[in-house]
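The structure appears right after this line, and notes come after that.
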There are 2 protein chains.
Amino acid sequence: MRSPVVPEAVSRPTLEAVATRAGVSRATVSRVVNGGYGVRESLAERVRRAVAELGYVPNQAARSLVTKRHDAVAVVIAEPEARVFTDPFFALQLRGISKELTAHDNQLVLLLTEGRDDHTRVARYLAGGHVDGALVFSLHLDDPLPGLIHDAGVPTVFGGRPGWRDRTGTPLYVDTDNRGGARTAVRHLAGLGRTRIAHITGALDQTSAVDRLDGYRDVMAETADGGGDPSLVVESDFTPAGGERAMRELLDRRPDVDAVFAANDLTALGALRVLRERGLRVPEDVAVVGFDDMLPLAEQSDPPLTTVRQDIEQMGRLMARLLLRGASALRDGSTGSGREGTSGPGGGDPAARTPGPGVILPTTLIRRESA
Amino acid sequence: MRSPVVPEAVSRPTLEAVATRAGVSRATVSRVVNGGYGVRESLAERVRRAVAELGYVPNQAARSLVTKRHDAVAVVIAEPEARVFTDPFFALQLRGISKELTAHDNQLVLLLTEGRDDHTRVARYLAGGHVDGALVFSLHLDDPLPGLIHDAGVPTVFGGRPGWRDRTGTPLYVDTDNRGGARTAVRHLAGLGRTRIAHITGALDQTSAVDRLDGYRDVMAETADGGGDPSLVVESDFTPAGGERAMRELLDRRPDVDAVFAANDLTALGALRVLRERGLRVPEDVAVVGFDDMLPLAEQSDPPLTTVRQDIEQMGRLMARLLLRGASALRDGSTGSGREGTSGPGGGDPAARTPGPGVILPTTLIRRESA
DNA sequence: ATGAAAGCGCTAACAC
DNA sequence: GTGTTAGCGCTTTCAT
């Protein structure tokens, strides 16, 4: 049986061919193709027609060879666990990144890693100068990859606040306002008159989980109660099963709990299930708030989940924007603009805060029926 | 618009530099770097040391310029709807693809599209010869993109059976045995003694939904009943909400239904919810079978879902393998090996069937409690 | 405003 | 075996 894909090594037209056809030099064609400044309009028009007729597309390899640019960005997702693939988080970020890169004519090179071997592979690839920059998701505090990449000298923006301590120079990153969002959630619960508000944490080797826990503590500390009762905090791992386990433990330990702030929606779902199973009503007996606003799950849970929404796609967009922007800033010779720290780099996102090298996106409380 | 680009990294060492350092010619270094055949071992060793000392990494652009190869594959995901981002389907495929490509030292260029503009963009990119091949997911029958890509003359493998009719030459593709899986599901239900087995379809503009419906009909036709009662088939769309709607309609129309084969797990979940709401017991009153084995959802539904498992990651792997295989066959100048049609292209997947240009992966029925 | 010419870093003939 | 050399297709001074 013949191979269904026909090779057709049709040699594609070159600049030279276009030049000949238009009766000009290669240099002129090149100018037109790259913006066309400084070329008489009549000529430019001739060239454009030749390009169209020949179906000319620039050879990116040849171009890169001389410009040392690639118009390509690597997206590195380091996640040994399969969690990445279990929630739409990562897909939404990719979507945002993709849109932004596309808008700037950049390609997205996806690097998925799991395990040590991949680390060196990725580090080498990035150090190899095949892309103009990297967007890196560092999910775990102990992951060595982000550090390796940072050291590789490639312009990089991180997704989520990286958790290093011992390194000099915090890298650029974009993150959700996890701490602020957590505060909002807990304040909402307090505003409902709840006094024994528990927290089921996420995996504490991730900054997002730590930050949400901190936000919870912030509010509990303010509380009249004198807050921060450790028996109200149960460590978990962002999964539904973990949420169930934690909720059971919590109920056993503190049967008087009247509200739960879960580190994410998946966890909240697990908690909801246990609450129902124990015959407790939500929100009457126990109010529940999640985090993420993961659709359609959050909407269709029973009862529909009150939760803290984060705009994940926007996070991706901003990461890409920041990388592209930073790159040009560097090229302009600026030593690191003083403006970047004060105005949002989004250029259209007044709501985003930028403390130091990080861009923090705001959250919104979505009220449904669970609290 | 070109992005305002990147800083010049420290100029990295070239072949020339390595050659000088090792006291040999560029050609020799090139030979060593590309496998080292036909080079005296003592020399090769000198070269390797020089490479290591200088931290030399080949310039891919320069290499591509002459070899016309890129060691890169595009993955095109065309999905106007957000469904892609709501289930882990794509993430898993990507994982499989990524693993396979990595094993063959290929890069993954991700092309996400939504809408017309992106079509031309993607088609141009692929036609531009920037990658060695493309892996394309064509979800909807009426999507023009797969056709455009097919016409672009780039070696391509499709994910899921493409639904074209009017074109000559079916393209290579990898798919799950949707029809066979559906038959298994329905036979299982029949084996349970159910006689009024309904089917909630997926979005019928996707081949997977059509194939599952066909599988359902296959079995119903065999059935003593004289099967194929149209009132037992409700059209839906693969979503939980759609599943709810369909289940309500079904119950209204056929209160006597005693089993449901849902086109996927999400749909089954919606159906389960309605069944519970109407006070019907699962599986006692109505047995339910899903499709996908989407974890952890399928495991943690109430009751845990009996479903048809498909190995999505493996699908991705095979797509990549098939493409790379074809690509190397092309490079080898072979006119297309006669073996490809009869032995699985997986080279290690005896279970995969290959009818014509398609590779069909087997499914497994996972028995839990809903049927 | 336009063209001529010099490479970018690499591979692949071809010569030795 | 190893070196020499001629480009791959493009951008970019530098003349004109």
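Atom set for the values below is all heavy atoms of this structure, side chains included, hydrogens, waters and symmetry mates excluded. So you know, we letter chains A, B, ... as the sequences are listed, proteins then strands, and number each from 1.
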Query raised in the report: Which of these, A/V131, A/T156, A/L324, sits in a side chain to side chain contact (heavy atoms under 4.5 Å, CB included) with A/V73?
Result: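 Of A/V131, A/T156, A/L324, side chain to side chain contact (heavy atoms under 4.5 Å, CB included) with A/V73 is met by A/L324 alone.
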
Query - Partner of B/L323 by side chain to side chain contact (heavy atoms under 4.5 Å, CB included), out of B/L135, B/N106, B/L318 - result: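 For B/L323, the side chain to side chain contact (heavy atoms under 4.5 Å, CB included) check succeeds only for B/L135.
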
Report task. Kindly state which residues belonging to residues 41-66 of chain B come within less than 4.0 angstrom of DNA chain D, counting heavy atoms of the residue only, listed by number. Result ->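 Residues of residues 41-66 of chain B that come under 4.0 Å of DNA chain D are, in numerical order, B/L43, B/L65, B/V66.
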
Requested in this report: Check the distance between D/dT11's P and A/R31's CZ and give it to me in whole angstrom.
Outcome: 11 Å

Requested in this report: Send over the distance from A/R26 CZ to D/dG9 P, rounded to a whole Å.
Outcome: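 So the CZ-P distance, A/R26 to D/dG9, works out to 11 Å.
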
Report summary line: Across all chains, not counting sequence neighbours, the side chain to side chain contact (heavy atoms under 4.5 Å, CB included) partners of B/R49 are B/E45, B/R46, B/E53

Query raised in the report: Short question: side chain of A/D132, backbone of A/D71 - any donor-acceptor pair under 3.5 Å?
Result: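 The answer is yes, because a donor-acceptor pair under 3.5 Å joins these two groups.
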
Query raised in the report: Does B/T28 make a side-chain N or O approach to OP1 or OP2 of D/dG3 shorter than 4.0 Å?
Result: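 For B/T28, the contact criterion (side-chain N or O under 4.0 Å from OP1 or OP2 of D/dG3) is met.
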
Query - Outermost nucleotides of DNA chain C that come under 4.0 Å of a non-hydrogen atom of chain B - result: C/dG9 to C/dA13

Report summary line: Note: for B/S25 and B/K68 on DNA chain D, the residue whose nearest nucleotide lies more 5' is B/S25

**Report entry** CD on A/Q93 to CE on A/M315, rounded to 0.5 Å
**Finding:** 4.5 Å

Query - Side chain to side chain, B/S30 and B/L15, heavy atoms closer than 4.5 Å - result: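 Touching, per the 4.5 Å side-chain cut-off.
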
**Report entry** Side-chain heavy atoms of B/D117 within contact of B/R121, under 4.5 Å
**Finding:** no

Query - Distance-only donor-acceptor test, A/R12 side-chain atoms vs D/dG9 base atoms, 3.5 Å - result: no

Query raised in the report: Ring centroid separation for A/F137 and A/F90, is it under 6.0 angstrom?
Result: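 Aromatic pair excluded; centres sit 6.0 Å or further apart.
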
